[in-house]
Amino acid sequence: MTNSSKSTLSRVIAVLAVLVLALVPVIGSRAMVQDLFMVLTLLVLALNWNMLAGFAGLVSVGQQAFVGIGAYAMFGGVILWGWDPLPAILLGGVAAMLLSLPIAFFTFRLNGAYFAIGTWVSAEIVRLSMAQWKALGGGTGTSLPKGTTKEMIGVAQIKELLGVSSSAASDALTYWLALTLAVVTLLVGYLFLRSRMGLGLQAIRDNVEAARSVGVDPLRLKALVFVLTAFGTGLCGALLFIQITRVSPDAAFSVVDWTAFVIFITVIGGIGTLPGPVVGVLVFYILQRVLADYGTVYLIVLGLIGIVIMLFARKGLWGMFTEKTGIELLPLRHRSLQHRPSQRSGN
Amino acid sequence: MSLLTLDHVSKSFGALKVTDAVSFEVAPGEALGIIGPNGAGKSTLFNLITGNIAPDEGRVLFDGVDVTRKPPMSRVAAGIGRSFQIPQPFTHLSVFENLLVAANFGGGHHGHHAGEFCMDILDRTGLAGVADATSGGLSLLQRKRLELARAMATSPKLILLDEIAGGLTEAECGALIDTIKSIHAEGTAIIWIEHVLHALTSVVERLMVLNFGKMLMIGEPDEVMASPEVKEIYLGIEV
Ligand SMILES: Nc1ncnc2c1ncn2[C@@H]1O[C@H](COP(=O)(O)OP(=O)(O)OP(=O)(O)O)[C@@H](O)[C@H]1O
Ligand SMILES: [Mg+2]
């Protein structure tokens, strides 16, 4: 089998996997739907973080700021202004995007480790500010009004379609949204990296001075990635907390839940590779299942795997796989024009 | 009106004055050569023109606009393309992609046209055969050609070439001269730093001599080379 037919095969498998995942609420148990919802949202966060750290070189440990603000904006929309939770997800994304502007303004003056610390400090400031928001429960937080998620747009239809309870229907809805968000994030990420923006990012990663000398503006490009990933992360935060139905500053701005796990997932799967986070989240899920009976042991194992990979396989499991097999699921290469006639696929 | 004007530009690194009140002009489409001993400040002068280094004093004007405080990317967009003396390829990108970045961002070329444009440059610089090779694996000579090709891909009005002819065989040097002449013939202004004198004088209309950061002379190549002062320092670097 040639590499390109292997790649075609992998693409077919990927499409089938998405179709099977889409059927989970129909054929799977409710527990499975809830489990996979968490996995898919972690995947969305990991895809965003990978874009940020793996491709734009912005190693942020403050992404919980955008998860949290997304959650709080969604709650604000629902509780204070009586919005339906679904449009309030968009509100979460927009709020995160707006918040990313001042955070970028502050942290982009810092380099390397200082940038990382700057993002974390920013997230703490936002967490402390949200704790002052009395209408949303201040430091202890608040819950969505009873019945909110059962009355969401679309729940009634799903209930009828699947013949399940309202709460199962609302789980199915948030699950499908998470799946959609994951697929869209992956595709948009791919298209972005294939565009001239992606080429510029790769040039910056190789040699900043040379990149500036051929017209690439590193600050502008990185700021663009920062703002776009904040949007995706904010959407994901809002969606997460529709499912969780209760928000508090500590939960919404948890550095462990929304950033540390995400970093491990990305590093294990392959930082700076597009399918990396998908592989990482699979490993995370399998470990969680296999080691579920041993309490937090799976976290320790996850951490150890992460460290081993950082030491011995810097491009993660996916990087190792591509090196061994030559399979590229989402190749970023721009082929020169002399190859065009023999290359049928039009990417 | 001149395309490039340097007005009393100075730059020191610590106590070392590397560029000392240098003033000169380059007309649109003109080819200027720069010679001078090692460490004379030639590459630094390029960095001052491109914005990779900020001057301590003086002004740089391009196309009638004061660009002294502008960063490199806006100068590229304005039409200043450069090569680096020590090649700086984007090592993980292919040769073709190296050019594509430059064409997309610096040259303002987009879509399919950008690809055609880059292929054309690869043909002209003899790199078409390695278009899809990863640039990190190129030989030094190929890397130098890539520097030239990538600078061309930014569609410059003024191209700055820093020692790209060293180490070439007679035939390779001839091919390089032809390429540079063709760039010149398209109306692109050139400033070329080169130790290979015969290559330089076969292209440029004027020659500048730098020594200890000072512009010693500027004028017709024959005149400059005939001057006793230049002969004296130039003997120093020929051996
Ligand atoms: N960034 C820098 N920091 C400190 N000193 C520098 C820097 N860049 C150049 N120099 C010094 O400035 C002087 C001039 O360097 P420059 O590279 O401009 O010389 P050059 O004329 O291009 O020499 P060559 O023919 O060897 O390329 C040298 O003494 C060099 O060591
Ligand atoms: Mg030099």
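Every chain is numbered from 1 and lettered A, B, ... according to where its sequence line falls, protein lines coming before strand lines.
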Candidate pair B:His112 and A:Leu337, rule side chain to side chain contact (heavy atoms under 4.5 Å, CB included), full reasoning: CA-CA 9 Å; B:His112 189 74; A:Leu337 299 192; 4.3 Å; yes
B:Phe90 versus A:Asn207, closest heavy-atom pair with distance: CE2-O, 3.6 Å
Which atom of B:Glu97 lies closest to which atom of A:Arg333, heavy atoms considered: OE1-NE, 3.0 Å
Any side-chain heavy-atom pair of A:Val216 and B:Val101 under 4.5 Å: yes
Within 6.0 angstrom of B:Ile86 CD1, more than 12 heavy atoms from elsewhere: no
Atom OH of A:Tyr114: over 12 foreign heavy atoms under 6.0 Å: no
Trace of the side chain to side chain contact (heavy atoms under 4.5 Å, CB included) decision for B:Asn104 with A:Leu199: CA-CA 9 Å; B:Asn104 278 172; A:Leu199 206 52; 4.1 Å; yes
Under 3.5 Å: donor-acceptor pair, side chain of B:Asp132, backbone of A:Arg335: no
Check: B:Gln88 side chain, A:Ala210 main-chain N or O, donor-acceptor pair, under 3.5 Å: no
Separation between CZ of B:Phe96 and NE2 of A:His334, rounded to the nearest 0.5 Å: 8.5 Å
From CG (A:Asp217) to CE (B:Met73), nearest 0.5 Å: 4.0 Å
Which portion of A:Leu332 sits near chain B, non-hydrogen atoms under 4.5 angstrom: backbone
Residues in residues 183-191 of chain B near chain A [non-hydrogen atoms, under 4.5 Å]: none
Residue pair A:Ser213, B:Thr50: steps toward the side chain to side chain contact (heavy atoms under 4.5 Å, CB included) verdict: CA-CA 8 Å; A:Ser213 294; B:Thr50 58; 5.5 Å; no
Proximal component of B:Thr91, with respect to chain A [non-hydrogen, under 4.5 Å]: both
Trace of the side chain to side chain contact (heavy atoms under 4.5 Å, CB included) decision for B:His92 with A:Arg205: CA-CA 9 Å; B:His92 291 93; A:Arg205 193 156 67 155; over 6 Å; no
Listed partners of A:Arg212 passing salt bridge (charged side-chain N to carboxylate O under 4.0 Å, His left out), at least two apart: A:Glu209
